[in-house]
Structures are given as C-alpha cells and as structure tokens.
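The structure appears below as structure tokens.
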Amino acid sequence: MKILVFAEQRDHKLKKTAYEVVQAARTVADQLKGEVVALVIGDAVQSFAGELGAFGAKRVLTVEDPRLLQYSTTAYAKIVADIALKENASAVFLSATAMGKDCAPRIAVRLDAGLASDCTSLKVEGEEIIATRPVYAGKALTDVKVVSSVKVFSLRPNVFTAGTGNDSAASVEEANVQLSEEDFGCRVVEVAQSKGRLDVAEADIIVTGGRGLKAPENFNIIEELAGVLGGAVGASRAVVDAGWRPHDEQVGQTGKTVSPSLYIAIAVSGAIQHLAGMSSSKYIVAINKDKDAPIFQVADYGIVGDAFEIVPALTSEVKKLLGK
Amino acid sequence: MKIVVCTSHVPDSATKVNIGGDGKTIDKAGVNFIISPYDEFAIEESLRFKEKNGGEVVAVSLGGDPHKETLRKTLAMGADKAVLLKDESSQDSFSVARAIADYVKEVSPDIVFFGKQSIDTDNAAVGSMVAEMLGIPSVSVVVKLEMQSGKVIAEREIEGGHEKVEARLPCVITAQKGLNEPRYPSLKGIMGAKNKPIEERAPAARSPKVQLLGMRKPLPKNPGKIVGTDVSAVPQLVKLLHEEAKVI
Ligand SMILES: Cc1cc2nc3c(=O)[nH]c(=O)nc-3n(C[C@H](O)[C@H](O)[C@H](O)COP(=O)(O)OP(=O)(O)OC[C@H]3O[C@@H](n4cnc5c(N)ncnc54)[C@H](O)[C@@H]3O)c2cc1C
Ligand SMILES: Nc1ncnc2c1ncn2[C@@H]1O[C@H](COP(=O)(O)O)[C@@H](O)[C@H]1O
C-alpha cells in the first residue's frame, strides 16, 4: 500500500503541518508495511522538497510551473489526484489547513474516494485505517472508516506531532502533469498577510480576551502578554461582535478551532460555543473574577481575580523568566 | 441569474450533546434545530446577489421533513423557491454532495452558495465536492465577494491573512462569518413563505464512502487547580507553566 502526502508550502517554505502529516503517514505506513510518497507543488520547490525525507518520505515528487506560484483550487486538486492515480496510491493524506480543507473535497471527488476530514487521530486495525474526527465542534468524537478503494484523510494541524526529524534523505523527482488554462478556473491573484500578526490557527500559544476587559483599548494587556510569550491574540465572539477585535481572531464553534500547547483565557466566561473551539488545547489557563465561570471547568490552572491586576503581573513575571 | 443556496438543519450551537442509544448519533430528545449558522451568511449573500443582478434564488436542503423548517425560514428571508431532497438516511459528505449536484445540474445556476461548514458534522466538504462534481470552480471560506464582468473576485480567509481569488462563473462559494450581516425575515416574508410550496424530490440511491463506526464523548478533563485568588498567585502560576506543564 502506498500513501501519497500532499505537503503544503507557502512562499518557498514547507509548512510545519507538512512535516506533521508526513510523519503521521509514516507511522500508519509502518504498521501496514506501506510506502510514503510526498508531493510538493509550486513554482520552484526542488531546493527544499527533500527536507521531507527526515520525516519519513522516501520519495518526494515535485510539480513545478510558474502558474503554480499562487494557489489554485482547481489546478492543485487536479495535480494531486492525477499523481495519486499515476502512483496507484491507496490513500491521500493532507493537512486540514485553509488550503487543505479547500482542495481535499475536490481531490476526493476526482478519485471517487471518501474523505475523512479534520482527523485528530489515526489508528490501524488489521488492514484498516480507523480515523477519529470531532463532530459538534468537539462535543463528541466519531470513529470512521473510509470504505472506497482510494481514501482521503485530512489531519487537523497541531495535533499530530512531527518531532525534529532524523537524517534520512529522500530522492526528489520531478513529476509531470499537463495543465491547460482550463484547469485554472479559479486562482489566487493576491495574498494579504497581516504583518507580524500570528494567526490563532497556527499559534502554539494563544492569549484570548473576553468581554470582561470592558473596552477595546484594554486589549493592550492581552497583546503585551501574547507578545512576550510569542503567541497569538484570540477573542471571544462577544468582543468580535462588539467590533473590538477582527473576526479572524474569534475562537469557538463559529470561529476557529484551535489546539495550541497553551491557551490562556482572560475575562472569558467559557460559554459552550467558546469551549467547543479550544477545549482540546494541551494546557488551559483561566483568569476570571467569577470563581463559578464555566471556563474553570476546563482549565488546568486558574486564578480567580481581576484581569487588570493579574495580567500585567503575569506579563512581567514571564518576562523575568524568559530574561526579556 | 439563477442562484442556488444549500442549507443544512442542525442542532443549536448551545446543545449539550448526549450520545443516542445506537452509539452512532446524538440523542435528539429536547434538541432545538436551527439553520447552520454559516448557511445564514450563504442565504443572505444569495439574496444580495439576486437584488443586484436579478434572477431567482432556489433553496435546497437534503434531509427528512424537519428540514422543511429551515427551507421555510429561507423562503421567509426572501428565497423564491425551495426544494427538499428527501433522504433520511445518515449520509457521508460525498453522498450528500452527489444528491445536491444531481439536482443542481438540472437548475444549471450561475452561482451556488453553501456555508463553509455544517456545525453538526463539521466536514467543511460538501460545497467544494459539489463544485468538483459539476466541474466548476469553487472558493471556500469567503468573507468578501464581488462580481466583475462574468467573473467573481472573492476574498477568503487563510492562516494569518486573506487570499483574493478570481473565479469564472458559474462557481461555488462557501460563506464564512464576516461576509455579511444576515437579515431577519420580515413579517410579510414570513406570511408569504407559508403559502409557497416546498417541492420534494427523491434523490437516486447512493452508497456512502465513509462508514461511521461509533460516536463517543471526549474524556472529561481532570478538574484543574485554582492557583490563587489574587495577584500573589502569579509567580506560582508561571512556575507551574514552566516546570510542570513545560509550555513556557
Ligand atoms: C450560534 C452561536 C455561535 C456562537 N459562537 C461562538 C464562538 O465561536 N466563540 C465564542 O467565544 N462565543 C460564541 N458564541 C457566544 C457565546 O455564547 C458567548 O456569548 C460568548 O462566548 C461570551 O463571550 P465572553 O466570555 O467574552 O463574554 P461574557 O460571557 O460576558 O463573559 C465575560 C467574563 O469576564 C469576566 N470578567 C469581567 N470583568 C473581569 C475582570 N476585571 N477580570 C477578570 N474577569 C472579568 C466575567 O466574570 C465573565 O465571566 C456563540 C453563540 C451562538 C448563539
Ligand atoms: N443535508 C444538506 N442539505 C443541504 N445542504 C447541505 C447539507 N449538508 C451540508 N450542506 C451544505 O454544505 C455546507 C458544508 O457542510 P459540511 O460539508 O457537511 O460541513 C453546509 O454549510 C451547507 O451549505
């Protein structure tokens, strides 16, 4: 059996999630005596595609074309599906990132394959891959089996660990896929990256502020703490709806689902819709002046008290620790 | 312009989930069902598209009779026509998409709107699958949409920023929060919707490609530690994060 991994790169750099998904494929393939082949797509990717060898890909295929500098849903889906067919892969793995979630369903249709999306764990039973995926925003977990002959799995970012890799090398081969103008029915024409701002979906540490902060300008204490921790600022829906913070910072059922190593919720009550988006974080800290706030039920550590006193003290204590 | 909007009918986001007797689905007793929140942005955008460009909006939902409630609300908001693809079996996203694509092909619309994900299964798949089945472009997680000479320019959210995507029509758009502010149905709309028929269709049989083996609740977390009740607890908290949790 062979697993094809679509490894995402942006700006000529592999994403951290690309290592995660190659490593996860390696773990599954080892149990099924299978092979892992990775695929990197872009305008010029040869120079770094081989890095995936260290995470378990024996072969790395590249597809390069100047038109692939920017993402195109239709063209990328075609490339991944064509290569999967050519390689006779029985499974395709990719990350459930913005790009992966966008093209995975199209890849599945092209391969007449079932899709298990946003999986948080994979195990092998006999010859089968059983995937666990959260539903109802993590309030329940399902175990699913893909029953089509080719199977597609997208894996939730930050959940599968890549480690640091070993010193295995991969052979890098250029693969050919014929692309016509027709294949670019949609294409990215511009990317606006918010400079210097880390996204909650990618951050390993998130500091979230809620309505208890009372005014948008009071988020400066949240930003400072996030700053010293090298983390991202998150927001509850209450503060997004009030227009205090942009909605791409919203964490929760109708915001982003996150699983950082450390999630600090400050003046957030912990409504069920908020918990849905963050309760799978590895460590949760709550700071709230109401000892009965539901956020304390999911927190590993809590301080009951006034955020305006505690957060600045926390920031300076962390600074001391990190020698900043 | 022919516009289609697809909506799913899901448990309210405040629902406390309990697993049903079959061990595979939730216990529906006492659960309040709503239009999936992202689908409301899709409906609003479909109505705005019609208001700007003329044409008609067809609302489509696949499921049992309870889905008519969602369709009725979509009509009340301003959709012209509603179609229930009557199918009560629990389905994977591929077979939901197949039935929707088969119907949508008949309508031959200029644009099809979906929510970015349905808040029950959280697959985030049906919209893009339908697009691939129809052989048309798709843009997912859209927060801004414009039409320019037979093309759409859509902005979608990605990690740490936005992508501006150009797509040919016809195409599929999946809506994200921020795209618009969904309207409330007017009294006139609500009254009018009562008299509009909901067409029922029986989709062709399909077999699922993903099999659900079981559903369970995540393991409850161990109760956490209240480190203190004032600022004097801060050094202890930092010590725990550094030495016990090892996250800073
Ligand atoms: C369909 C739907 C979807 C939703 N999706 C989401 C979602 O994705 N994400 C989300 O977050 N919410 C979501 N919600 C909203 C959710 O129900 C809550 O209303 C929201 O999370 C509350 O935000 P909050 O905790 O900031 O505010 P509040 O509930 O008002 O809590 C404020 C907290 O601050 C504390 N506080 C006040 N002053 C201080 C102080 N000086 N120091 C310390 N603590 C203080 C209070 O004790 C309180 O616990 C959704 C709701 C619905 C209906
Ligand atoms: N049963 C259904 N009937 C109609 N539309 C649906 C159905 N299920 C999902 N959709 C649409 O597809 C979107 C994505 O759903 P999902 O892929 O299940 O997360 C939803 O927001 C709806 O617009």
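Each chain gets a letter, A, B and so on, in the order the sequences are listed, and its residues count up from 1.
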Chain B contact via A:K320 - side chain, backbone, both or neither, heavy atoms under 4.5 Å: neither
Proximal component of B:L237, with respect to chain A [non-hydrogen, under 4.5 Å]: side chain
Which portion of B:V227 sits near chain A, non-hydrogen atoms under 4.5 angstrom: both
Chain B interface, residue from A:S117, A:S148, A:A276, A:A192 that has the most non-hydrogen pairs under 4.5 Å: A:A192
A:E249 bridged to A:K256 by N-O distance under 4.0 Å: no
Side-chain H-bond candidate by donor/acceptor type, B:E244 with A:Y301, under 3.5 Å: yes
Ring center gap for A:Y76 and A:Y71 short of 6.0 angstrom: yes
Max heavy-atom pair count under 4.5 Å with chain B, selected residue of A:G305, A:A137, A:A201: A:A137
Contacting moiety of B:P235, where chain A heavy atoms sit under 4.5 Å: both
Toward chain A, the part of B:H162 with a non-hydrogen atom under 4.5 Å: both
Over 12 foreign heavy atoms within 6.0 Å of NZ, A:K16: yes
Region of A:F184 that comes under 4.5 Å of a non-hydrogen atom in chain B: backbone
Option in B:G160, B:G161, B:G224, B:A154 with maximal non-hydrogen atom pairs under 4.5 Å from chain A: B:G160
Basic-acidic side-chain contact under 4.0 Å: B:K73, B:E40: yes
Interchain contact, B:D230 with chain A, by part (heavy-atom threshold 4.5 Å): backbone
Option that, when pairs with chain A are counted at under 4.5 Å, heavy atom only, ranks first among B:R168, B:K16, B:M215: B:R168
Selection from A:Q250, A:Q70, A:K15, A:R187 maximising heavy-atom pairs under 4.5 Å formed with chain B: A:R187
Flag if over 12 foreign heavy atoms under 6.0 Å of CD, B:E106: yes
Under-4.0 Å salt bridge between A:D118 and A:R156: yes
Interchain contact, B:P11 with chain A, by part (heavy-atom threshold 4.5 Å): side chain
For chain A, the option from B:V238, B:V10, B:I153, B:D92 that forms the most heavy-atom pairs under 4.5 Å: B:V238
Chain B contact via A:T74 - which portion, at a heavy-atom distance below 4.5 Å: side chain
Contact leader toward chain A among B:Q211, B:E166, B:E159, where contacts are heavy-atom pairs under 4.5 Å: B:E159
Residue part contacting chain B, namely of A:A299, when any heavy atom lies under 4.5 Å: backbone
Heavy-atom check, side chain of A:P260 versus side chain of A:I205, under 4.5 Å: no
Contact origin within B:Q236 toward chain A - heavy atom pairs under 4.5 Å: neither
Modelled atom types, side-chain donor and acceptor of A:T73 and A:R106, under 3.5 Å: no
Pick from B:K151, B:K239, B:K116, B:E163 with the largest number of heavy-atom pairs that fall under 4.5 Å of chain A: B:E163
Check ion pair B:D87-B:R206 (N to O, under 4.0 angstrom): yes
Engaged part of B:V152 at the chain A interface, taking heavy atoms whose separation is under 4.5 Å: neither
A:E182 atom CD, over 12 foreign heavy atoms within 6.0 Å: no
Distance (rounded to the nearest 0.5 Å) between B:D122 CG and B:I119 CD1: 7.5 Å
Pick from A:D143, A:D306, A:I287, A:T254 with the largest number of heavy-atom pairs that fall under 4.5 Å of chain B: A:D143
For chain A, the option from B:V130, B:V231, B:V247 that forms the most heavy-atom pairs under 4.5 Å: B:V247
Electrostatic pair A:D112:B:K209 at N-O distance under 4.0 angstrom: yes
Contact origin within B:R98 toward chain A - heavy atom pairs under 4.5 Å: neither
